[in-house]
Amino acid sequence: MAKPKPEYDRISELKAFDETKAGAKGLFDSGIKNVPRMFHYRPDKLDKNSSVSNGIHVSIPVIDLAGVKEDPGTLRNIIDKVRNASKSWGFFQVENHGIPLSVLQDMKDGVVQFFEQDLEAKKKFFTRDYSTKNVAYNSNFDLYSSPAANWRDTLFCLMAPKPPVPHELPEVSRDIMMEYSKQVMQLGCLLFELLSEALGLQPDHLKDMGCTQGLGMLSHYFPACPQPELTLGTTKHSDNDFLTVLLQDHIGGLQVLHQNQWVDVPPTPGALVVNIYS
């Protein structure tokens with residue numbers, strides 16, 4: 001009589017993975033051919049590949065911010081676009097937002113440099129204690145509570161209202177993280193002004209409520225996967241902050257849910273994706 005197969009011990013697999021502190025990148029570097037069961041994703045009933053509704057291709061709105069501070073007519077037009085996109089989508093892309101292309105590229109390069117450096121350098125930032133740490137590296141903040149782990153690693157940095165001192169940030173990407181966060185804070189202030197006016201309020205209304213004070217930076221890294229059909233880099237979710245400004249790399253894969261359809265958001269050079277919490 002054949003011996004019964006041992007029952008799958010998910011908790012042990014999670015703990016063993018977490019204790020390496022190497023994340024999904026460590027699994028890839030080890031040369032594994034099979035994705036561990038803890039990463040296996042069970043698809044839901046939504047068609048995650050669809051970006052077509054009733055035969056009509058749909059895409060999230062793109063808003064050009066050029067001239068927003070220079071011409072009252074342009075400003076009113078942009079406010080109208082922000083209002084419509086926020087009501088109908090909750091998402092839009094912004095172009096000519098004022099952040100130099102060189103800063104965007106350097107930020108993407110800095111993320112790669114952090115995750116592809118020696119493991120011992122990354123381990124210095126490994127923690128699951130978000131209550132006392134301004135800088136935290138790990139794989140899956142909800143590793144022990146989610147139905148399936150995502151195939152990704154993340155560096156979290158709380159950049160405002162109390163920014164970390166420089167030595168708290170990873171040396172390999174320290175300078176660009178500080179510069180990028182400064183630039184995004186400026187863009188965030190502009191977006192909150194536009195949203196305030198889109199709501200029929202004074203430009204500083206959301207700023208006066210304190211909405212522009214905080215900034216958390218999440219840098220995600222998605223290593224190559226030997227069985228991409230079994231897992232996802234990011235499962236469906238809703239961001240729990242007021243406003244998300246997302247910088248994509250050239251790989252793509254981002255989708256947003258619109259009228260029960262998953263819509264592709266292909267990378268657009270120089271553009272940033274804005275997500276309004278709803």
Side-chain angles (χ1 to χ4, degrees), residues 23-29 35 39 41 48-52 57-66 85 89-117 122 137 139-140 150-157 159 170 172-184 187-188 191 215-237 239 243-258 261-275:
K25 176 69 163 57
L27 292 176
F28 169 75
D29 289 343
V35 172
F39 289 97
Y41 171 71
K48 66 184 179 66
N49 295 316
S50 179
S51 61
V52 178
H57 183 81
V58 292
S59 57
I60 72 170
V62 178
I63 301 176
D64 189 341
L65 298 181
W89 281 82
F91 287 87
F92 53 88
Q93 291 197 83
V94 290
E95 298 179 323
N96 294 313
H97 41 67
I99 303 179
L101 291 175
S102 59
V103 172
L104 301 182
Q105 187 58 54
D106 287 349
M107 185 65 233
K108 290 185 285 188
D109 292 343
V111 172
V112 172
Q113 289 166 7
F114 172 81
F115 285 102
E116 295 188 353
Q117 66 182 326
K122 290 189 292 186
Y137 149 71
S139 183
N140 290 260
N150 290 171
W151 187 261
R152 73 155 191 267
D153 302 327
T154 300
L155 175 66
F156 167 77
C157 300
M159 304 300 291
V172 70
S173 53
R174 176 183 301 153
D175 292 343
I176 187 56
M177 291 175 71
M178 296 175 67
E179 176 62 24
Y180 180 73
S181 64
K182 181 181 74 174
Q183 298 267 359
V184 169
L187 174 60
L191 292 171
L215 175 64
M217 182 185 295
L218 289 169
S219 300
H220 295 310
Y221 181 88
F222 306 91
C225 182
Q227 294 177 300
E229 71 280 3
L230 296 181
T231 187
L232 290 175
T234 301
T235 48
K236 68 173 185 175
H237 66 280
D239 291 346
L243 186 75
T244 299
V245 177
L246 174 63
L247 170 62
Q248 292 194 82
D249 63 12
H250 64 287
I251 302 298
L254 175 66
Q255 294 182 320
V256 301
L257 186 61
H258 178 65
Q261 297 286 332
W262 286 106
V263 178
D264 292 329
V265 185
T268 302
L272 293 165
V273 178
V274 179
N275 177 11

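As the structure is a prediction and not an experimental result, all values here were calculated from the model. Below, each value reflects all heavy atoms present in this structure, side chains not excepted, and no hydrogens, waters or symmetry copies.
Phe156 and Tyr137 have their aromatic ring centers separated by at least 6.0 angstrom.
A pairwise comparison of heavy atoms in Val263 and Ser59 identifies CG1-CA, 4.0 Å as the closest pair. Across all non-hydrogen atoms, the minimal contact from Gly23 to Ser139 is CA-CB, 3.9 Å. The minimum heavy-atom distance between Phe28 and Ala224, with the atom names listed, is CD1-O, 3.4 Å.
Contact annotation: the side chain of His250 never approaches that of Lys108 to less than 4.5 Å [non-hydrogen atoms, C-beta and beyond]. A heavy-atom distance below 4.5 Å is found between the side chains of Val273 and Phe91. In this structure, the side chains of Trp89 and Pro61 come closer than 4.5 Å at one or more pairs of heavy atoms. Side chains of Val62 and Glu95 form a contact here, defined as non-hydrogen atoms less than 4.5 Å apart. Using a 4.5 Å heavy-atom cutoff, the side chains of Val35 and Pro226 are in contact. Residues Met217 and Tyr180 have side chains in contact (heavy-atom distance under 4.5 Å, counting atoms from C-beta outward). The side-chain heavy atoms of Ile63 and Gln93, taken from C-beta on, include no pair separated by under 4.5 Å. Side chains of Met177 and Met107 form a contact here, defined as non-hydrogen atoms less than 4.5 Å apart.
With hydrogens and angles ignored, the 3.5 Å screen pairs a side-chain donor or acceptor of Gln248 with a backbone N or O of Val265. With hydrogens and angles ignored, the 3.5 Å screen pairs a side-chain donor or acceptor of His237 with a backbone N or O of Thr235. Looking only at distances, no side-chain donor or acceptor of Thr231 sits under 3.5 Å from a matching main-chain atom of Pro228. Between the side chain of Asp264 and the backbone N or O of Pro266, no donor-acceptor pair lies under 3.5 Å. Between the side chain of Asn140 and the main chain of Asn150, a donor-acceptor pair closer than 3.5 Å is present. The backbone N or O of Ile176 lies less than 3.5 Å from no partner atom in the side chain of Asp106, so there is not a single donor-acceptor pair.
Of the candidates Val184, Leu104, Val111, Val103, Leu104 is the only one forming a side chain to side chain contact (heavy atoms under 4.5 Å, CB included) with Leu247.
Counting only N and O atoms by type, the side chains of Gln117 and Gln113 include no donor and acceptor under 3.5 Å apart.
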* Evaluate side chain to side chain contact (heavy atoms under 4.5 Å, CB included) for Leu27 paired with Phe39, printing each intermediate quantity in order. => CA-CA 12 Å; Leu27 292 176; Phe39 289 97; 3.5 Å; yes
* Pair Phe92-Val94, side chain to side chain contact (heavy atoms under 4.5 Å, CB included): steps then yes or no -> CA-CA 7 Å; Phe92 53 88; Val94 290; 3.6 Å; yes
* Step-by-step side chain to side chain contact (heavy atoms under 4.5 Å, CB included) determination, Lys182 to Glu179 -> CA-CA 5 Å; Lys182 181 181 74 174; Glu179 176 62 24; 3.3 Å; yes
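Remark: Asn275 CG to Leu246 CG distance equals 8.5 Å, nearest 0.5 Å. Here the CG-NE2 distance, from Leu272 to His97, works out to 4.0 Å after rounding to the nearest 0.5 Å. Rounding to the nearest 0.5 angstrom, the gap separating the OG atom in Ser173 from the CG atom in Leu155 is 6.5 Å. Separating the CD atom in Gln255 from the CD atom in Gln261 is a distance of 10.5 Å, to the nearest 0.5 Å. The CE atom of Met178 lies 11.5 Å from the SG atom of Cys157; values are rounded to the nearest 0.5 Å. To the nearest 0.5 Å, atom CG of residue Asp249 and atom CD of residue Gln105 are 9.5 Å apart.
Here Phe115 pairs with Tyr221 under the ring-ring contact (aromatic ring centres under 6.0 Å, His included) rule; sequence neighbours left out. Residues that satisfy the side chain to side chain donor-acceptor pair (under 3.5 Å) test with Thr234, not counting sequence neighbours, are Arg152.
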